[in-house]
Amino acid sequence: MAETLLEVQGLTAGYGAVRILHGLDLQIAAGEIVALLGSNGAGKSTFNNTLSGIVRASGGAVKFAGETITRAAPMAIVDAGLIQVPEGRRVFPNLSVLENLELGAYRRGKAGKTANLERVYSLFPRLLERLTQKAGTLSGGEQQMLAIGRGLMAEPKLLILDEPSLGLSPKLVEELFALIGTLNREGLSILLVEQNVGQSLEIAHRAYVMEQGAICFSGLPGELLANPALKRAYLGM
Amino acid sequence: MKSDEKAYPPPAMLDPAILFASVLNGLTTGAVYALIALGLTLIYGVLHIINFAHGAALMMALYGVYFLHEKLGLDPYVSLPIMVPAMFVAGYALYRGVIARASHGKDENILLITLGLSIMLENAALYFFKSDTLTIDTAYTLSTVNIFGAMIAVPKMVAFFGALATTAVLLLVIGKTSLGRAIRACAKERQGARLVGINVDHVFAMSFGIGLACLGAAACFLLPAYYVNPQVGNGFVLIAFTIVVLGGMGSFVGALIGGFLIGVVESVGGLLLGESLGQIGIFVIFIIVLLFRPQGLFGARA
Ligand SMILES: Nc1ncnc2c1ncn2[C@@H]1O[C@H](COP(=O)(O)OP(=O)(O)O)[C@@H](O)[C@H]1O
Ligand SMILES: [Mg+2]
């Protein structure tokens, strides 16, 4: 196996007195697509936001690219190259498409900004047509492209995609998963958080299933798909 | 002249020349109102709070300009490069040191803190500077310029162009710089801003600082034709708040147009109804606009 990029050990976190993550372990190797599955409210987004430094970890350790980033500030985590494309896109609605992309390189990827913009345009020609348009006026699919484009502008070492297919048409979902595959073949490591179990397991190298703030399955997609009991219990399939 | 001719304003009040002069005067005051309102609307747009300390901060800035003039002999316009950075630093420090710490991230707390600050500043001013109304004398205080027949005081002309220039700089910073982009990003999408690595607390403090820096500039433009006392900010903050709501909360264009509108309405209203009733016009316009456009002239629909 390639070198470990992300190593999470016994991570606990929550909101105020409410604990959501109860000692979570997870690894991602460089070059992998890892799927993180689990029903609504399992704590997937909380986990992502703890990795990104938006929710403060109360215990455990997160190591990323050799550095310990447990409880680091969000900007330090961006500096390290751990970039999240959040659930609900969270693009800047009052800023133009171009400004949104430029802000992706606010801390990281400044030197390669021009080349990275070109790359984003070639991945998403739709964005190039709408550079001066306010992001808030884009369709849901276009906003998702913009959110991913903004993430790529930071030259991520690991890209977290939190429910990127949410609210997209089946055709766009198809395109999205093809894109995720392409980005990965170009060398990008990806943590794919999805409710879209079938398509996620098709492209992922490994998978985790989360339930009530802890990992209840980890293994190969094939193992999960081959086990009807697991599928029924954790994925409602 | 018979005395009863003075008591009843003759129809000459509606003389176009007088009306023209009144509109011009309103525009000059309106430019300063706009500058004060811009600071308020910037802070509102980014932090989503009404800065109740805005008037008190303006009052402090006016005292600053006053004492620089009285103690160091500095002309108010020469004080600009001192007052603008000083108010910026004060705003930045106030946000980071007091507001951010005491609010624990809750907007309603920030509201109360700024209200408390305003009461404290006003009382501190009463204690240290007494309640006297102070003015300064400059060589140009009483000089006027002739604009197509209307005599406009020189300090008002300077205030007009100075406020416009300051506004232009502010709009440029917000619209074109990397800091401005970050400010606009934090205004509407804090979580997204954190995820691209923007230091949101720093940007909030910068916005607060820039909002107060506008007051530093406004104070330098105001004092030569105005006065300062511990309550001087209250009238301004009421008008600035009216402008911000009128123009649309958080809208820069709205604050600018609203500032001019209120300045002219106040001036012409004063001409037609007398000084004390003139301000009624402001609130009539305010209510009419809110009846038909609750989001303000340039506000986005909620
Ligand atoms: N900002 C928040 N404050 C308090 N509780 C939250 C917050 N965000 C999420 N939660 C709670 O944390 C739990 C996990 O939510 P989340 O991490 O969003 O799950 P998932 O992404 O797997 O759907 C839920 O019970 C949710 O109500
Ligand atoms: Mg979620």
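Each chain gets a letter, A, B and so on, in the order its sequence line appears, and its residues count up from 1.
Using modelled atom types, one finds a donor on one side chain and an acceptor on the other under 3.5 Å when comparing Asn49(A) with Gln84(A). With no hydrogens or angles considered, a side-chain donor-acceptor pair links Arg89(A) and Gln144(A) at under 3.5 Å. Side-chain contact check for Tyr208(A) and Arg206(A): at least one donor-acceptor pair (N or O, by modelled atom type) lies under 3.5 Å.
Note: Tyr95(B) and Phe204(B) have perpendicular aromatic rings, judged against thresholds of 30 and 60 degrees for the angle between ring planes.
Contact tally against chain B (heavy-atom pairs below 4.5 Å) for Val91(A), Asn100(A), Val78(A), Ile83(A): the top residue is Val78(A).
Within the 4.5 angstrom heavy-atom criterion, no atom of Asp79(A) approaches chain B. Interface remark: Ile54(A) contributes side-chain atoms only to the contact with chain B (heavy atom separation under 4.5 Å).
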